[in-house]
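Only one structure is covered here, and it is reproduced in the block below.
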Amino acid sequence: MVNINALGIIFPNTYDELVPQLVKHRTMASVPFGGRYRMIDFTLSGMVNAGIQSVTVIAKKNYRSLMDHLGAGREWDLVRKRGGLNIIPPYAQSSVKVYHGRVEALASVLGYLETQKEKYVVITDCNTASTLDYADLVDTHVKSGANVTLVYERAEIPKPLQTENYTFEINPEGRVTEIRCNDYRRGVQNLSMGVIVMDREELIAMIKDASVQNKVLLERDIFGPSLKILDVRGYEYRGYRAHIYDVKSYFDENMRLLDPENLAQLFPAERPVYTKVRDEAPVRYAMDCKVRNSSVADGCIIEGEVENCVLFRGVKICKGAKVKNCVLMQGTVVESDASMEYIVTDKNVTITLGKHLRGNDAFPVFVEKDTIV
């Protein structure tokens, strides 16, 4: 692994408002995904695999779960004398405040940015799990000589994102000629993935100027009006990605991982995904249980029937219970003779004896954390 001269900055709360059920007790970054991971694991692991040794997480609210998950960053090899993992909650110092956009957030930590030594900054959100190669991204940015590089994918704009998106017009040379905010056009567009690479000192200068003018958003208020004087390039991402923007997409993206091909694409052997280690016992399968096409994390106890499900750590399916097409987070208990289909449960939910819950493919039902049904 070659260390690259870049500082990572992660915004864990972006797009929280799109999934209020999932982030009632956490940030978007700490939303559980894929049986044993959190959304931030994919971003952090990608940066670490690329050789980024200094990562800052600028939190806004509901960050206790995130801090508990990240700890000091040991699982990502980010416990270091210099650099490493740095979590900045609001009000951590007198100049830090609850931000409304990336400009305000970065303005509140300008002192920190000015003391860093890395030449480049990689800025990203946490609502997408992908295999983005940050080393190649930074290398491409450096070789292009651009002021800014924006990562995008060729995709249709999901309806819930029509008021929360950026799309780009890109010329044959790869230069961004137009940035559209809240694009509602149908069809495949150059849809932003929320990842930005630029020079650290240039970012500091831009943030200082933008703060004086009460600007809030980097793409809309700074890059967009300056495309004729800034060299802004696009970087197309073509790999596998899981994009979370509502409960339906959360359910769908988890279920997609039941396909071994999708699983292999999101978890390539050459770029492992790291997460917090928990010393759980292996899964315990009862003699007469039935499990088909399911992802079952460690610590689970399976005594009933499970089909097409993603079960997180410590889930218990009691004897006589039937669970089909469900995503059950950590600590969920389904008692005897209960049945569930197209259900998403948050942590520590209990479905009591004989209860029957049903959603459907178009509308999976969400059950809040610590609920007893």
Side-chain angles (χ1 to χ4, degrees), residues 4-11 14-15 42-43 46-47 49-50 52 101-103 106 119-158 161-203 205-207 210 215-243 245 265 271:
I4 60 176
N5 192 14
L7 166 71
I9 297 180
I10 299 174
F11 291 96
T14 311
Y15 301 109
F42 299 89
T43 301
M47 289 184 173
N49 290 332
I52 296 176
R102 285 176 169 178
V103 172
L106 293 169
K119 180 169 177 55
Y120 302 102
V121 176
V122 180
I123 302 171
T124 182
D125 301 320
C126 279
N127 64 322
T128 301
S130 73
T131 57
L132 177 62
D133 188 340
Y134 288 91
D136 182 69
L137 170 61
V138 174
D139 185 57
T140 300
H141 171 76
V142 174
K143 289 179 179 178
S144 71
N147 298 106
V148 181
T149 297
L150 305 175
V151 180
Y152 69 94
E153 62 173 339
R154 296 283 296 157
E156 294 189 8
I157 304 170
L161 284 181
Q162 289 184 351
T163 57
E164 291 283 347
N165 72 74
Y166 291 101
T167 58
F168 311 135
E169 289 296 322
I170 301 175
N171 67 18
E173 289 74 41
R175 185 163 178 169
V176 177
T177 58
E178 184 179 0
I179 297 177
R180 291 190 176 95
C181 180
N182 300 337
D183 195 345
Y184 57 86
R185 294 175 299 168
R186 295 184 178 181
V188 175
Q189 309 294 337
N190 296 324
L191 181 62
S192 172
M193 292 184 64
V195 183
I196 301 170
V197 183
M198 63 183 302
D199 183 274
R200 180 180 58 84
E201 293 186 355
E202 193 167 4
L203 173 65
M206 286 183 181
I207 296 301
K215 293 180 178 178
V216 176
L217 304 175
L218 280 174
E219 295 94 329
R220 186 194 69 185
D221 299 335
I222 299 179
F223 301 153
S226 306
L227 290 175
K228 291 184 178 180
I229 58 175
L230 287 178
D231 184 357
V232 179
R233 302 291 179 95
Y235 178 96
E236 184 179 359
Y237 175 72
R238 299 180 181 179
Y240 184 93
R241 65 97 181 94
H243 196 176
Y245 47 83
Q265 290 185 61
R271 290 199 296 275

- Intermediate values then yes/no, side chain to side chain contact (heavy atoms under 4.5 Å, CB included), Arg102 and Ile9: CA-CA 11 Å; Arg102 285 176 169 178; Ile9 297 180; over 6 Å; no
- Message: Side chains of Ile196 and Leu218, heavy atoms from C-beta outward: is any pair under 4.5 Å?
- Response: yes
- Item | Side chains of His243 and Asn127 in contact at under 4.5 Å (non-hydrogen atoms) | yes
- Query: What are the two closest non-hydrogen atoms of Arg241 and Ser130, and how far apart are they?
  - Reply: CB-CB, 3.9 Å
- If you take all heavy atoms of Asp183 and Ile157, which pair is closest and at what distance? O-CD1, 3.3 Å
- Message: Could you report the tightest heavy-atom contact between Thr43 and Cys126, atom names first, then the distance?
- Response: OG1-SG, 4.1 Å
- Give the C-alpha distance, both sets of side-chain angles, the deciding distance and a yes or no for side chain to side chain contact (heavy atoms under 4.5 Å, CB included) between Arg185 and Thr167. CA-CA 10 Å; Arg185 294 175 299 168; Thr167 58; 3.8 Å; yes
- Query: What pairs with Asn190 under side chain to side chain donor-acceptor pair (under 3.5 Å), at least two apart in sequence or on another chain?
  - Reply: Arg154
- Glu169 backbone acceptor or donor facing Thr177 side chain under 3.5 Å: yes
- Query: Looking at OG of Ser144 and CD of Glu173, how far apart are the two atoms once the value is rounded to the nearest 0.5 Å?
  - Reply: 13.0 Å
- Item | CG on Leu150 to CG on Leu137, rounded to 0.5 Å | 10.0 Å
- Item | Minimum-distance pair of heavy atoms, taken over all atoms of Glu202 and Asn147 | OE2-ND2, 3.0 Å
- Task: With the side chain counted from C-beta on, respond yes when Tyr152 and Val176 share a heavy-atom pair under 4.5 Å apart, and no when they do not.
- Result: no
- Tell me, please, which residues at least two apart from Arg238 pass side chain to side chain donor-acceptor pair (under 3.5 Å). Glu236
- State, with a plain yes or no, whether a side-chain heavy atom of Tyr120 is found less than 4.5 Å away from one of Ile4. no
- Message: Just to verify, what does Asp231 make a side chain to side chain donor-acceptor pair (under 3.5 Å) with, not counting sequence neighbours?
- Response: Arg233
- Note on the structure: Taken to the nearest 0.5 Å, the spacing of Glu178 CD from Asn171 CG works out to 12.5 Å
- Item | Non-hydrogen side-chain atoms of Leu191 and Tyr237 separated by less than 4.5 Å | no
- Flag, side chain of Arg271 to backbone of Thr131, donor-acceptor distance under 3.5 Å: yes
- Below 4.5 Å, heavy atoms only, C-beta onward: do Asp221 and Val103 meet side chain to side chain? no
- Query: How about Arg220 and Asn182: do any of their side-chain heavy atoms sit closer than 4.5 Å?
  - Reply: no
- What pair of heavy atoms forms the shortest contact from His141 to Met198, and how long is it? NE2-CA, 3.8 Å
- Are Leu132 and Tyr235 close enough that some pair of their side-chain heavy atoms sits under 4.5 Å apart? yes
- Task: Considering non-hydrogen atoms only, spot the tightest contact between Leu7 and Ile52 and give its length.
- Result: C-CG2, 4.4 Å
- Step-by-step side chain to side chain contact (heavy atoms under 4.5 Å, CB included) determination, Tyr166 to Leu217: CA-CA 11 Å; Tyr166 291 101; Leu217 304 175; 3.3 Å; yes
- Derivation and outcome, side chain to side chain contact (heavy atoms under 4.5 Å, CB included), residues Ile123 and Leu106: CA-CA 10 Å; Ile123 302 171; Leu106 293 169; 4.2 Å; yes
